[in-house]
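Take a look at the structure below.
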2 protein chains.
Amino acid sequence: MFVNRVRRAGDNHVPDTEKPASAGKEQPRRRQARGERRIAQLLQAAASVFCTSGYSAASTNAIAREAGVSPGTLYQFFPNKEAIAIELGDQLMHRMRETYGEALAPVDPATPLEEAVAAAVDRFIAFNTEHPVFFTLMHGTDIPGRIAEEHDALHSTLVGRIEGLLSSLLPDTPQDVVTRTAHVCLGIYKAGLELVLTHEGAEREAYVQEVKNVLIRYLEPLGGDRLGRA
Amino acid sequence: MFVNRVRRAGDNHVPDTEKPASAGKEQPRRRQARGERRIAQLLQAAASVFCTSGYSAASTNAIAREAGVSPGTLYQFFPNKEAIAIELGDQLMHRMRETYGEALAPVDPATPLEEAVAAAVDRFIAFNTEHPVFFTLMHGTDIPGRIAEEHDALHSTLVGRIEGLLSSLLPDTPQDVVTRTAHVCLGIYKAGLELVLTHEGAEREAYVQEVKNVLIRYLEPLGGDRLGRA
DNA sequence: CCAGAATGCGAGCGACCACTCGTGTTTGTC
DNA sequence: GACAAACACGAGTGGTCGCTCGCATTCTGG
């Protein structure tokens, strides 16, 4: 016989205005302000522990301890360990969408290649340095299937955006070449991100510049003279 | 009270001519042909299981089952799970040294950049497609410390080799720039390797070519006209 | 102020897994 | 053939970790 507990962890935002309609299952569970605070605490603690240990090596007890609560309290708000990573991933994905929306959306063919690349790289790297967990969750080989799906979805979205950007810069190019080029660009960025994150200060800045150089030099010869060479 | 078992797993090659000298601890344990065969079997099984599950998710029982032996038999030849990965890593490292010795050693400044890059990339990619475990062991975030050390050692060695190659091509370049460039090159290669391994056939070949393109276009502008432009 | 819900606790349960041990079988040696 | 050593087995052990349960405490609506 199962308990009817928890089951509602991904509910921050939409805090009020419960929907009492629909089929009679999964009844609300009103959340108090204290609970919302606990959830934020737990997610922050989880982020910290995931960063240092990786997902599967991180124990739920360690997360609870880091958050200063008991294991039981953790499971008051999350049905299982995976749900913590899911919620963390969802929140990051949400903020990510805000960021890369600005970073890649404006496919203005007037802007020169160097500026476009520099702006996109800067934004993405800023996001990853602000949220180190993101890198851990997206690059861990031991992550639960659901997060891997989110990663794949993000990856596909990014490739799609880059494809759009590329095909507006290189109009007469076969689709498969555009797709491949987009994948290569994203791969270059990921490799560069790793290098950037393992360095500090001036050295880090130098690597950021190198990533931009690699991308620009890779893309420049493709467009003939259509890519504004400033 | 400890058992005096096993403790000798990394001993293939040097099969005969035991050294009965030295301090009286760790007595030999002569290995029969059957045992050598089992070790090979187990390593192959471990490679297979590591590839599909990753290191920490792979259970020793699963490895034994894959090899068609009992868990006890596995521990007849390896003191623990980590030792299996170590031995596997050592063997791969050995073959790797043979490969990259040929791939990066000849720092002949006469060969044009494109050829040097193409040769190195081809060899390394061939090695990784022949030994998929290598990629798993070197990129897993959940690997034991000892393998991580081996990975770091290999990484440093490779960076050193690339530095040598670069500074012979770009003589009047500050050392820190050379080092950074070498790291970037290796990063590009690794990212490319991942792309290559996730594709098959003609698509794979196309990605191989792209990796070469990225490296060449990245390095070409650095050397002024010293880099032979064919 | 007082039910009832939400929150909080922490010992403990069950499952899994690396690893062991007692015992039986094969192989090499004299 | 006899003895020892290497090999093989697989049920079992200890420890870890995700997760639970009964109960105490705090909040909220009426």
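Proteins get letters first, then strands, A, B, ... in listed order; numbering begins at 1 in each.
- Put simply, R38(B) has no side-chain N or O that comes within less than 4.0 Å of OP1 or OP2 on dA6(D).
- Atom P of nucleotide dA6(D) and atom CD of E36(B) are separated by 13 Å, given to the nearest angstrom.
- Counting non-hydrogen atoms of neighbouring residues, nucleotides and ligands closer than 6.0 angstrom, the CD atom of Q41(A) exceeds 12 such neighbours.
- Comparing G68(B) and Y55(A) against DNA chain D, the residue whose closest nucleotide sits nearer the 5' end is G68(B).
- In this structure, the CD atom of Q41(B) is 10 Å from the P atom of dC9(D), given to the nearest Å.
- Between dT7(C), dC9(C), dC19(D), one nucleotide has an atom nearer to the side chain of S70(A) than all others, and that is dC9(C).
- Put simply, CD on Q76(A) is 17 Å from C1' on dG18(D), counting in whole angstrom units.
- Contact check, Y75(B) against dC19(C): a side-chain N or O comes under 4.0 Å of OP1 or OP2.
- Residue I63(B) contributes atom CD1, which lies 8 Å from atom P of dA18(C) at whole-angstrom precision.
- Taking the side chain as every heavy atom from C-beta outward, I63(B) and F50(B) approach each other to under 4.5 Å.
- No contact: A64(A) has no heavy atom under 4.0 Å from any strand.
- With contacts defined as side-chain heavy-atom distances shorter than 4.5 Å, the pair Y55(B)/T141(A) does not qualify.
- The side chain of S59(A) lies closest to dG18(D), out of dA8(D), dG18(D), dG8(C).
- In this structure, the nucleotide among dA18(C), dT27(C), dG8(C) sitting nearest to the side chain of F77(A) is dG8(C).
- Which of dT20(C), dC9(C), dC19(D) sits closest to the side chain of P71(B) comes down to dT20(C).
- At most 12 heavy atoms of other shown residues, nucleotides or ligands fall within 6.0 angstrom of atom CD in E194(B).
- Of the N and O atoms on the side chains of Q175(B) and T179(B), at least one donor lies less than 3.5 Å from an acceptor on the other residue.
- A donor-acceptor contact closer than 3.5 angstrom links the side chains of E210(B) and Y218(A).
- Rounded to whole angstrom, the span from the CZ atom of R30(B) across to the P atom of dG28(C) amounts to 11 Å.
- Note on T60(A): a side-chain N or O is less than 4.0 Å away from OP1 or OP2 of dG18(D).
- Regarding I84(A), its CD1 atom lies at a distance of 11 Å from the C1' atom of dC19(D), rounded to whole Å.
- In this model, a donor atom of one side chain and an acceptor atom of the other lie less than 3.5 Å apart for Q91(B) and E87(B).
- Note: NZ (K81(B)) to P (dA18(C)) measures 5 Å, nearest angstrom.
- Side-chain nitrogen and oxygen atoms of R37(A) include none within less than 4.0 Å of the OP1 or OP2 phosphate oxygen of dT7(C).
- With dA8(D), dC19(C), dC9(D) as the candidates, the nucleotide lying closest to the side chain of V69(B) is dC9(D).
- Two end axes, each from the C1' atoms of five base pairs, can be drawn for the helix from dC1(C)-dG30(D) to dC30(C)-dG1(D); they diverge by 10°, to 10 degrees.
- The side chain of N80(B) lies closest to dC19(C) when the candidates are dG8(C), dG18(D), dC19(C).
- For A33(B) and S56(B), each mapped to the nucleotide of DNA chain C holding its nearest heavy atom, the one lying further toward the 5' end belongs to S56(B).
- The minimum heavy-atom distance linking E163(A) with A182(A) is given by the pair CG-CB, 3.7 Å.
- Between the CZ atom of R31(B) and the C1' atom of dT27(C) there is a distance of 14 Å, given to the nearest Å.
- Counting any heavy atom pair closer than 4.0 Å across all strands shown, A62(A) reaches no nucleic acid atom.
- H155(B) and H151(B) have tilted rings, their planes meeting at an angle from 30° to 60° on a 0 to 90° scale.
- Both Q32(B) and N61(B) sit near DNA chain D, but only Q32(B) has its closest nucleotide nearer the 5' end.
- The T73(B) side chain lies nearest to dA8(D) when the options are dG8(C), dA8(D), dT20(C).
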